There are 2 protein chains.
Amino acid sequence: MVKPSGPVTGTQALSTINPEHPLPRKNRSSNSDGRTRLPVAQDVAELAGVSIATVSRALNEPEKVRPVTREAVMKAAAELGFVLNSAARALSTRRSSTVGVIVPSYGNEVFVRALSSFQRTMRAAGYQVLAASSEYDLATEMQEVAFLLQRGVDGLMLVGGIHDPALYARAERSQVPIIQSFSLSDREYCVGFDNREATFRAANYLLDLGHKRLAVVTGTRENNDRAAPRAEGVHLAMAERGLKLSPAHDLIVSSGIVAGRDAFSQLMGGPEKQRPTAIICGTDEIALGIMSEASERGIDIPRALSVIGFNDSSFSAVLSPPLTTIRVDADEIGKSSALALLNLMGARTTVQVTRITPELVLRGTVAPPEKL
Amino acid sequence: MVKPSGPVTGTQALSTINPEHPLPRKNRSSNSDGRTRLPVAQDVAELAGVSIATVSRALNEPEKVRPVTREAVMKAAAELGFVLNSAARALSTRRSSTVGVIVPSYGNEVFVRALSSFQRTMRAAGYQVLAASSEYDLATEMQEVAFLLQRGVDGLMLVGGIHDPALYARAERSQVPIIQSFSLSDREYCVGFDNREATFRAANYLLDLGHKRLAVVTGTRENNDRAAPRAEGVHLAMAERGLKLSPAHDLIVSSGIVAGRDAFSQLMGGPEKQRPTAIICGTDEIALGIMSEASERGIDIPRALSVIGFNDSSFSAVLSPPLTTIRVDADEIGKSSALALLNLMGARTTVQVTRITPELVLRGTVAPPEKL
DNA sequence: ATAGTAATTGAAAGCGTTTACATCTTCGAT
DNA sequence: ATCGAAGATGTAAACGCTTTCAATTACTAT
């Protein structure tokens, strides 16, 4: 506007014509109560003798400011102990550099392993992660997602593909990408594995060994696309051989070790001829419970009863006998999910489905069935 | 200002008198790219026919607005699907309703249990929690704290009382209160227990039973005010009876189950007369490792070797034999820490030290020493 | 009715960044 | 030297809330 200007610049002169601001209560570096105020970008700018915009650039796009200026800013920032205010940045950029994760439960080691590696990967990329657990409840999960969305997370990692429909709607509305984990989907981006196939293979292994009466016990299957397919896999394998899994041998328990103990009692309570000779469990915790109860009752594993777990938890290899289980690389799931989500948030939607392959780890809890 | 207005609104009209703003790119409810913009408080205000200040009040201090107004605002908010922008609020109020937690490791069940209940309590109070793990490293911890502080957490929960001095300085500068957990302190607010006393009692229990050669194995004790005192407790109990804990029976291992197995080998490698008859472990994981190795080598627990764990992890009760261990109520620690921190953040500094009492849970891995 | 007080509401100034745009430098090419 | 283009920096407008202060309205007690 004003080309040649004296000590009073054009824009400042304007404010004399326009008396809107009564009096700015500024008094740098100390609060109303006298406490030292934390330094802000403006303080750094003044100390470095540059504008606040330059400070911002020096910090975020160093290559856009001249080296000498950059140094000055860095020095000033360090001197003042300047810490950028994330809230202000988030407000300004409309992104929080925060992502959310919701796992069904912290009680299942596999989820905390995945969460942990997810988090590590995210942190390396400059993101913080807000985690919550849904306790296997859709409503709780929805609520947590609502909170996370309000918190402005830039992305979301969810376990499984069954969620409140409103969840997808809200995430969509906020343009927050979601990565699904631990199960596969052809509609969502995901990092997971085929749960049905995993137990299908385990069941076939048992069947090949000569077992005829298998049992399967999992945690809740309601709204759960991991547990339900795992049970299905066993049914399927038996059906393929013209066998039928007795309803009494298909148990749903509340997850955890003690649930496994109860399961044992229910399964092994009937007359010997009808008892299963092998049990496939939805988690290693359940398997542990079963083993514990078996040991207490003097039932020999694997001679009298074979057991297969799921996840290969840390304790599984050191049980006696060591637990044969379906290993899932939770670290890989966490890491890949993070990478995929990062990709999604960068709008480079090149990922689609990452398929993890579970592996049957042969240890000591499986043997051919006893001769009748 | 302008009451009845045609297509051109009051504020826009103003800009003709005051030419500072080139052209406000406002066009409510749709973005530059035509995408529908998420509703903000202003939209709610307009729909409800009130000012934005009233919207804020209706949402945050409902009692301060007339019921009829409140209803109108709520209705408008619901209709628009309004979600408050946390970043804006955080910027404005200078608090984020977020707290941070740093645990040494997610691999120790006790920490995730505490974290979990801490989180649950915090969520109930309207706070989100950002968690991180330090991997038992002070520098990593400091770095994570720096991130959390930058993120503007309102409070911090840390495990133990040994941290980078800079950590306290920074937190202090940001006026972020810290709650220390799992150990006691007379300088900091804390929720924990006397680690030394816990093993001291366990050792005495063993000594009373007739054991003379105890061993202790813990994870790293460097900068660790839980593991180190636990070892001390054992030393102390023996010293009180004129006994001395052989250096060979005092082991530091990397934590985890496999570490326990190694420990066993080291401890039980010597000539029988010198082997310990009882081992006190810093965690149940270590104890499990020891039990596993013992079982493999045919050493009978508890007859040939007694073992005491620490924490009472979920698997401990179902091992065979079930593990005698020092139970720590991690849920309580998490919950109380949260409550205490909430209190601290409310500036009502009435809490000081919450002392948790660990309990020796007698199960099957301890017996009197074999007759020599 | 009427003054006085209490309860509601609104206007507008922040909160601390980022960033579009304008301005000023720098520098190579003429 | 001089012109332009490219590069560096500065200005000031957002971002979307909360909150102080003033203005308005609703009540209460005369």
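Note that the structure is a prediction, hence the values are computed from the model and not measured. In what follows, every heavy atom counts, from backbone to side chain, and hydrogens, waters and symmetry copies are set aside. Chain A is the first sequence line, chain B the second, and so forth, proteins listed ahead of strands; every chain is numbered from 1.
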Exercise for the section: Please confirm whether any donor atom in the side chain of A:Ser92 sits under 3.5 Å from an acceptor in the base of C:dG16, or the reverse. Expected result: no
From the list [options], which nucleotide is the closest neighbour of the side chain of [X]?
| X | options | result |
| --- | --- | --- |
| B:Arg57 | D:dT9, C:dG10, C:dG16 | C:dG10 |
| A:Arg89 | C:dT17, D:dT9, D:dC17 | C:dT17 |
| B:Ala53 | C:dT18, C:dA12, D:dT18 | C:dA12 |
| B:Val50 | C:dG10, D:dT18, C:dT17 | C:dG10 |
| A:Leu84 | C:dG16, D:dT9, C:dT17 | C:dT17 |
| A:Val40 | D:dT19, D:dA8, C:dT17 | C:dT17 |

Handout entry: Side-chain N or O of A:Arg66 closer than 4.0 Å to phosphate OP1/OP2 of D:dG7
Key = no
Practice task
Indicate whether OP1 or OP2 belonging to C:dT18 is found under 4.0 Å from a side-chain N or O atom of A:Ser56.
Solution key: yes
Between atom [atom1] in [X] and atom [atom2] in [N], what is the gap in whole Å?
| X | N | atom1 | atom2 | result |
| --- | --- | --- | --- | --- |
| B:Arg37 | D:dA14 | CZ | P | 13 Å |
| A:Lys64 | C:dC21 | NZ | P | 13 Å |
| A:Asn85 | C:dT18 | CG | P | 10 Å |
| A:Leu91 | C:dT19 | CG | C1' | 13 Å |
| A:Gln42 | D:dA13 | CD | P | 15 Å |
| B:Glu61 | D:dT19 | CD | P | 7 Å |
| A:Ile52 | C:dT18 | CD1 | C1' | 9 Å |
| B:Arg151 | C:dG16 | CZ | P | 18 Å |

Problem - Residue A:Arg123 excluded, over 12 heavy atoms near CZ under 6.0 Å - result: yes
Problem - Expected output: side-chain A:Glu144 to main-chain A:Val101 donor-acceptor under 3.5 Å - result: no
Problem - side-chain contact (heavy atoms from CB on, under 4.5 Å) evaluation trace for B:Gln180 with B:Met157 - result: CA-CA 6 Å; B:Gln180 165 179 334; B:Met157 166 173 169; over 6 Å; no
Handout entry: 5' precedence on DNA chain D between A:Val68 and B:Thr54 (nearest-nucleotide basis)
Key = A:Val68
Fill in the blank from the handout: Test side chain to side chain contact (heavy atoms under 4.5 Å, CB included), reference A:Ser174, set A:Leu149, A:Asp154, A:Leu148, A:Val153, output is A:Leu149
Exercise for the section: Could you check whether B:Thr69 gets within reach of a base, just the sugar-phosphate, or nothing at all, counting any heavy atom under 4.0 Å? Expected result: sugar-phosphate
Exercise for the section: Say whether A:Gln119 and B:Tyr106, considering side chains only, have a donor N or O and an acceptor N or O under 3.5 Å apart. Expected result: yes
Practice task
Starting from the 5' end of DNA chain C, give me the residue, A:Val55 or B:Val65, whose nearest nucleotide shows up first.
Solution key: B:Val65
